[in-house]
Protein chains: 2
Amino acid sequence: MAASINDVAQAVGVSASTVSRALRGKAGVSDDVRSRIVEAAADLGYVASRSASSLAGGRTFTVGVIAPYVGRWFFGTVLDAAEDVLSAAGYDLLLYNLGPREARKRFFAELPVRKRVDALLSLLIPDEAEGLALRSLGVPLATTVGAPRPGFTVVGIDDRAGAQAAVRHLVNLGHRRIGMIAGASGPLHWTAPVERRRAYLDVLAEAGIACDPALEVDGDYTVQGGQRAMTQLLAVPNPPTAVFAQSDEMAMGALRALRLHRLKVPEDISVVGFDDHELSEVVGLTTIAQPVAEQGAEAARLLLNQLDEPGAVRPGHVTMPIRLVLRDTTAPPRNGR
Amino acid sequence: MAASINDVAQAVGVSASTVSRALRGKAGVSDDVRSRIVEAAADLGYVASRSASSLAGGRTFTVGVIAPYVGRWFFGTVLDAAEDVLSAAGYDLLLYNLGPREARKRFFAELPVRKRVDALLSLLIPDEAEGLALRSLGVPLATTVGAPRPGFTVVGIDDRAGAQAAVRHLVNLGHRRIGMIAGASGPLHWTAPVERRRAYLDVLAEAGIACDPALEVDGDYTVQGGQRAMTQLLAVPNPPTAVFAQSDEMAMGALRALRLHRLKVPEDISVVGFDDHELSEVVGLTTIAQPVAEQGAEAARLLLNQLDEPGAVRPGHVTMPIRLVLRDTTAPPRNGR
DNA sequence: CTGTTAGCGCATTCAG
DNA sequence: CTGAATGCGCTAACAG
């Protein structure tokens, strides 16, 4: 059997409470006794049982993270960074993968994190009801995809500004016929697709370009979806000379579709993405870069702050910088059309 | 305060043990009482505290997963699939990100999972000492990257066969000068780099091609590393006409390097990768496909089996199928040389 | 079928 | 500075 606190106490000849205090660095233990305890604990390979200390102390030292599709670069990277911060602070990370519709429903129906976490980081935007459910947990809440929900600390970017930069870049190159591959705006209650679309429309308007609903196609935030969307755009009577994809993954799908159609990028058509996916450099994709790992790390840090000073820290909102990264997929339209 | 088991018991007018039995689906509770308990629990929003039940029951209902770099597609995808299986079975997933060297050291030094998990899934290969440390936990162990360590259930692929297929493909196309971008074999104690290298050498030998150490370059399993490696290969006096990259990420880096050097793929040089990364199709990369998500799911399932029938199930070894996927990055050498 | 009795292993009072 | 007592919320025998 694994050693318990009493084994250590017995070995050193002190009481369990003293061992508890000593090992947690609490004041009120003489240096001599403390060091003997630390040594004995190491000898016996003792670690406090999380279950027992949680039960007794009322804290789980665990942070829950709910994310859709960890396999996607964006979420995986955020998760990765958050884990580093949390584990360095002695917190465990409990992962809930809420990609499949059904998993998500089950999660909010049963709320398995109840009594299991001290704080929660959501990498997806809860809708009203879900946000309410999470708030009922009574723990600090944060999210990294930028929906300003009450009670949540949010770490995000200015989606509107990013999308504006992307579309303006195309306009400045001389494009007048600009398509958009959008992210599904329905199920995830995400603000990004909405904001990015609005930016697209704003920039077109400000450039005096009439928008054409046929040039807006949904790409579902996936490579496959992007490819389908691009194919659809090419079938439009008067196809676009440039396309703004709301994510790099969709942009890559678009590039694939263009290759299959034997169209050259950027000569025949320009493409700009969003995210600066790790592989975007490889394919030379012009895109809007956002600090992905930093968002995860920062969200985790803010959560830890709230844990340290309960009540003192108000849920805040931090906006991370973005920037246009020029690479090889954008150029002026063929004949200045 | 959140409702406790006694609140439910009191509400229904039964004892706490009956509530416990009823809610966990144990036999020995009348249908009538059970349904009243279920209803009351729902009313009160009661969920059992994990800490308390773990402490009392001796099981944590949690599986630990240790992984390097969750942000990488391969690991993220495995993790994703494993989580689905585990959460469907009522288990939580505790994630430990052991990418940074220092995090890894700390993990094995302190072994924070002690008393915290019922089983452990390792997405990295522990070396001897680490394997021993993990075995000392006394819980079912599994790994998905194929190192046959004693005490571990391993789910993997036949790396040798996969690499052989890749290199043979190049040989069959007529290439005689074949380079390899290898994965770092040092720190991670991975068998994949070793096996894949061996396959490379075997196939060259069987084709009567003398191997040239200058054609073996390390790519560190990253895009950047692959790019550097390719650049290095191009600087060799008599550069290769084809390259086998031990991962798709490195292959993509190689493609980038080739593009920068204005070399055409596959006309000037052929490239074959390994993994079938989600974006390989986008860049048209010829590669060896392996079922990534399935490996995570299967490993999780095997762990659950061992949890269900303690002792009965021996750690096993399952090998998943691989296949060569022909796309656009391989062709015969320019002048049949 | 149900209630009673004991802990699970620790953190936290309160004394000393 | 240290020890003894108490309880965190639940599960697992054991009775009945």
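Bear in mind the structure is a predicted one, so any value in this text is a computation, not a measurement. Lettering follows sequence order; numbering is per chain, from 1.
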K.L.:
Any side-chain N or O of A:Ser15 below 4.0 angstrom from OP1/OP2 of D:dG3?
P.N.:
yes
K.L.:
Roughly how many Å is it from CZ in B:Arg116 to P in C:dC8, rounded to a whole number?
P.N.:
21 Å
K.L.:
Please report the distance, rounded to the nearest Å, between CZ in A:Phe61 and C1' in C:dC10.
P.N.:
13 Å
K.L.:
Would you kindly compare B:Lys115 and B:Gly28 by the position of their nearest DNA chain C nucleotide and give the one closer to the 5′ end?
P.N.:
B:Gly28
K.L.:
What is the separation between atom CZ on B:Arg36 and atom P on C:dC1, rounded to the nearest whole Å?
P.N.:
15 Å
K.L.:
Taking atom P of D:dC10 as reference, at what distance in whole Å does atom CG of B:Asp7 sit?
P.N.:
9 Å
K.L.:
Tell me whether the side-chain N/O atoms of B:Ser30 come closer than 4.0 Å to OP1 or OP2 in C:dT2.
P.N.:
yes
K.L.:
Could you give all pairs that pass the ring pair (Phe, Tyr, Trp, His ring centres under 6.0 Å) test and reach residues 106-138 of chain B, with sequence neighbours left out?
P.N.:
B:Tyr96-B:Phe107
K.L.:
Whole angstrom is fine here: how far is it from CG in A:Asn6 over to P in C:dC8?
P.N.:
9 Å
K.L.:
Closer than 4.0 Å, any side-chain N/O of A:Thr18 to the OP1 or OP2 of D:dG3?
P.N.:
yes
K.L.:
In Å and rounded to the nearest 0.5 Å, what is the OG1 to CG distance from B:Thr153 to B:Asn305?
P.N.:
9.0 Å
K.L.:
Evaluate salt bridge (charged side-chain N to carboxylate O under 4.0 Å, His left out) for B:Arg301 paired with B:Glu298, printing each intermediate quantity in order.
P.N.:
CA-CA 5 Å; B:Arg301 262 182 238 115; B:Glu298 182 64 15; 2.6 Å; yes
K.L.:
Hey, could you give me the CZ/OG1 distance between A:Phe75 and A:Thr77, rounded to the nearest 0.5 Å?
P.N.:
10.5 Å
K.L.:
Which nucleotides of nucleotides 11-16 of chain C have their base under 4.0 Å from a protein heavy atom (B), which only their sugar-phosphate (S), and which neither (-), written as one string 5' to 3'?
P.N.:
SB----
K.L.:
For A:Ala56, check side-chain contact (heavy atoms from CB on, under 4.5 Å) against everything at least two apart and list the hits.
P.N.:
none
K.L.:
Can you tell me how far P of D:dC10 sits from CD of B:Gln10, to the nearest Å?
P.N.:
13 Å
K.L.:
In whole angstroms, how far is the C1' atom of C:dC1 from the CD1 atom of B:Ile37?
P.N.:
12 Å
K.L.:
Between D:dT2 atom P and A:Asp31 atom CG, what is the distance in whole Å?
P.N.:
10 Å
K.L.:
Can you confirm if the NZ or CZ of A:Arg72 lies within 45° of the ring axis of A:Tyr69 and under 6.0 Å from the centre of its six-membered ring?
P.N.:
yes
K.L.:
Please determine, by modelled atom types, if A:Arg24 and A:Ser20 share a side-chain donor-acceptor pair under 3.5 angstrom.
P.N.:
yes
